[in-house]
Amino acid sequence: MARFWLLKCEPVVYSIADLERDGRTGWDSVRNYQVRNFMRDDMKPGDLGIFYHSNADPSGAAGVLKITKPGLPDPTQFDPKSEYHDPKSSRETPTWLMCEVAFVERFEGVVPLERLRGETALADMQILKRGNRLSITPLTEAEFKAIRALGAAVSGASEGIRAKSGARGKASR
DNA sequence: GCCAACGTTGGC
DNA sequence: GCCAACGTTGGC
């Protein structure tokens with residue numbers, strides 16, 4: 001059965017506009033075991049996800065993507081020049097995984113976090129819970145559909161991927 | 001810039 | 001194995 005996901009990224013680092021331009025990309029630099037295990041064990045090709053802009057103005061849901069290849073070795077762990085380099089990892093048994101994602105659609109505007117919080121159907125969504133810091137979280141089909149419906153209804157008025165003043169730049173992905 | 005929440009690290 | 005210290009995330 002297909003699953004649904006919410007993938008967070010700071011748009012300063014990589015945005016839905018970048019994915020629209022690129023068509024597909026490797027969702028790399030994840031350095032959290034729980035998220036790695038999601039990609040290894042639970043993601044399947046064809047799963048759909050919400051692309052969420054974090055630490056942005058506004059933060060919120062920006063579009064839809066598709067998981068094309070889950071559980072690939074993350075090349076940044078082998079790159080000594082990368083800030084995500086992990087000298088303890090080997091090519092035979094890579095510690096860190098990524099997934100390849102493809103662009104599906106871009107909402108006309110970002111559905112702001114505040115709007116998501118106001119939605120009864122999303123009351124149990126992990127991303128809205130205090131202290132949640134996982135960059136990829138599972139969604140129920142109902143949650144995915146509710147966000148997609150909000151995205152279809154949003155106008156372009158809230159469009160924008162400006163960095164917030166506190167943005168750390170090339171950090172979370 | 002602040003701070004709550006949580007993961008990771010390392011001394012013991 | 002415990003747990004304090006530290007680092008990171010991300011909304012505000």
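Residue numbers begin at 1 in each chain, while the letters A, B, ... track the order of the sequences. Heavy-atom basis, side chains included; hydrogens, waters and symmetry copies ignored.
For the pair A:I127 CD1 and B:dC6 P, the interatomic distance rounds to 14 Å; values are reported in whole Å. Atom NZ of A:K88 is separated from atom P of B:dT8 by 12 Å (rounded to the nearest Å). Separating the OH atom of A:Y84 from the P atom of C:dG7 is a distance of 17 Å, rounded to the nearest angstrom. Rounded to an integer number of Å, the gap from CH2 of A:W96 to C1' of B:dG7 is 11 Å. The nearest whole Å value for the distance from the CZ atom in A:R115 to the P atom in C:dG11 is 18 Å. One interatomic measurement links the two molecules: OH of A:Y33 to P of B:dT8, which rounds to 7 Å at whole-angstrom precision. The NE2-P distance, from A:H53 to C:dG10, rounds to 13 Å in whole Å. A:N32 places its CG atom 11 Å from the C1' atom of B:dT8, with the value rounded to the nearest Å.
When the nucleotides B:dC6, C:dG11, B:dG7 are ranked by their closest atom to the side chain of A:R133, B:dC6 comes out on top. For A:K8, counting side-chain heavy atoms from C-beta on, the closest listed nucleotide (C:dG11, C:dG10, B:dG7) is C:dG10.
In this model, the phosphate group of B:dG7 is not approached by any side-chain N or O of A:R36 to a distance below 4.0 Å at OP1 or OP2. Taking side-chain N and O atoms only, A:Y52 has no distance below 4.0 Å to OP1 or OP2 of C:dT9.
Note on A:R31: nothing from the nucleic acid sits closer than 4.0 angstrom, heavy atoms only.
Residues forming a side chain to side chain donor-acceptor pair (under 3.5 Å) with A:R36 (at least two apart in sequence, or on another chain): none.
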Could you tabulate the donor-acceptor pairs under 3.5 Å formed by side-chain atoms of residues 90-103 of chain A, not counting sequence neighbours?
unit_1 : atom_1 : unit_2 : atom_2 : d
A:S90  : OG     : A:T93  : N      : 3.1
A:S90  : OG     : A:T93  : OG1    : 3.0
A:T95  : OG1    : A:S89  : OG     : 3.3
A:W96  : NE1    : A:D86  : OD2    : 2.9
A:E100 : OE1    : A:R24  : NH1    : 3.0
A:E100 : OE1    : A:T68  : OG1    : 2.7

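Of the charged side-chain nitrogens involved, at least one lies within less than 4.0 Å of a carboxylate oxygen, so that A:D18 and A:R21 count as a salt-bridged pair.
Residues A:S135 and A:R31 bring no donor and acceptor atom of their side chains to less than 3.5 Å of each other.
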